[in-house]
Amino acid sequence: MKTYLTLLGCCITLISTSQINREYGADIHALAGNSVAYHSPFASMKNPSLATLQTDISLAVSYSNKFLLKELQAQSLQLHLPIKKSVQHQCFVFGIRHFGHSLYRDIRFNLGYAMELSERLSLGVQLNYLYLAIGQGDFIRHKLSGDMGLHYQLNEKTRLGMSVLHLNEPRIDLFLDAGYRSTILLGAVHELSEGIEVLGQIEKSNTHPYVLASGIRYQAHEKLELLAGIRFQTWEYALGFSYRNSWFKLICAFRFAQQLSGSPSSSFIISSFENE
């Protein structure tokens with residue numbers, strides 16, 4: 001019993017201090033969490049309006065193991081179903097996210113919808129069903145939350161993104177919020193030159209300080225890209241790469257925290273990449 005309580009305490013401490021909202025997807029991990037303006041199926045979890053960038057049906061699956069601990073493993077699945085219209089591009093998104101193992105289980109189902117409001121501006125909304133279980137079934141909660149995001153194409157080389165997660169701020173307990181606090185994300189992606197993009201993001205909730213992150217993406221080859229990022233608040237460093245063919249992309253990443261240890265992650269995406 002003492003061992004279980006100790007492990008549970010460690011899990012809750014790591015979860016509450018490591019970041020405001022967990023990221024999913026190895027490419028997002030490799031960029032140190034930069035996702036609010038990034039073109040990736042996993043990025044629409046943080047900004048639902050980015051789903052309009054998905055022009056073909058895609059299935060994205062990810063696995064990560066935070067600090068190499070079994071109780072801190074995470075899996076996700078994200079399905080994009082775009083609807084091509086003559087005037088507006090629209091997309092539906094279905095997803096599931098799971099974090100934890102036996103002592104702590106955080107499961108989230110999401111249903112999202114995004115549409116282009118103009119040639120440059122997109123809007124997205126998302127409904128989340130939240131399931132939280134702590135211990136051996138002694139503490140279980142069911143909640144609903146909503147997210148909203150905007151994506152703006154400033155020019156040919158610069159994209160801007162903004163999102164608000166958990167608009168209704170569902171409370172799990174008087175003292176435990178389990179990461180469900182309302183959070184605002186602002187970010188940008190800028191193409192420095194052909195094949196090189198730099199990313200920046202700022203994240204803020206009413207219970208956490210500002211979190212800054214920066215990343216870079218380099219298209220080393222037609223099928224190979226290199227990713228790197230840094231998260232300044234916790235001084236986490238990340239590296240990764242992706243390799244793709246016409247319908248499949250494999251992504252691997254490794255994130256290192258100075259005070260703890262490394263966190264490996266991997267993902268794959270099934271879609272059509274012929275037009276990218």
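Residues meeting the side chain to side chain contact (heavy atoms under 4.5 Å, CB included) test with Ala26, sequence neighbours left out: Ile251, Ala253, Ser265, Ser267. Every residue meeting the ring-ring contact (aromatic ring centres under 6.0 Å, His included) condition with Tyr131, not counting sequence neighbours, appears here in chain and number order: His142. Under the salt bridge (charged side-chain N to carboxylate O under 4.0 Å, His left out) criterion, Glu169 pairs with Arg181, not counting sequence neighbours. The side chain to side chain donor-acceptor pair (under 3.5 Å) search around Ser263 returns none, not counting sequence neighbours. Scanning for ring-ring contact (aromatic ring centres under 6.0 Å, His included) contacts around Tyr113 gives Phe92, with sequence neighbours left out. For Tyr152, there are no side chain to side chain donor-acceptor pair (under 3.5 Å) partners, not counting sequence neighbours. Residues that satisfy the side chain to side chain contact (heavy atoms under 4.5 Å, CB included) test with Ala32, not counting sequence neighbours, are Arg231. Applying the side chain to side chain donor-acceptor pair (under 3.5 Å) criterion to Ser163, with sequence neighbours excluded, gives no partner residue. In this structure, the side chain to side chain donor-acceptor pair (under 3.5 Å) partners of Ser145, at least two apart in sequence or on a different chain, are Asn128, His166.
Between Asp106 and Arg22, at least one side-chain N (NZ, or NE/NH1/NH2) sits under 4.0 Å from a carboxylate O, which counts as a salt bridge.
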All N/O donor-acceptor pairs, side-chain side in residues 72-82, below 3.5 Å, sequence neighbours left out:
| unit_1 | atom_1 | unit_2 | atom_2 | d |
| --- | --- | --- | --- | --- |
| Gln73 | OE1 | Tyr63 | OH | 3.4 |
| Gln73 | OE1 | Gln75 | NE2 | 3.1 |
| Gln73 | NE2 | Lys70 | O | 3.1 |
| Gln73 | NE2 | His101 | ND1 | 3.4 |
| Gln75 | OE1 | His98 | ND1 | 2.8 |
| Ser76 | OG | Ser62 | OG | 2.4 |
| Gln78 | NE2 | Ser44 | OG | 3.1 |
| His80 | NE2 | Ser44 | OG | 2.9 |

Validation: residues 221-228 side-chain donor-acceptor distances under 3.5 Å, sequence neighbours left out:
| unit_1 | atom_1 | unit_2 | atom_2 | d |
| --- | --- | --- | --- | --- |
| His221 | ND1 | Lys223 | N | 3.2 |
| Glu225 | OE1 | Arg217 | NH1 | 2.8 |
| Glu225 | OE2 | Ser242 | OG | 2.9 |

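Here Leu127 is tied to no hydrophobic group at all, with no ILVMFWY side chain closer than 4.5 Å.
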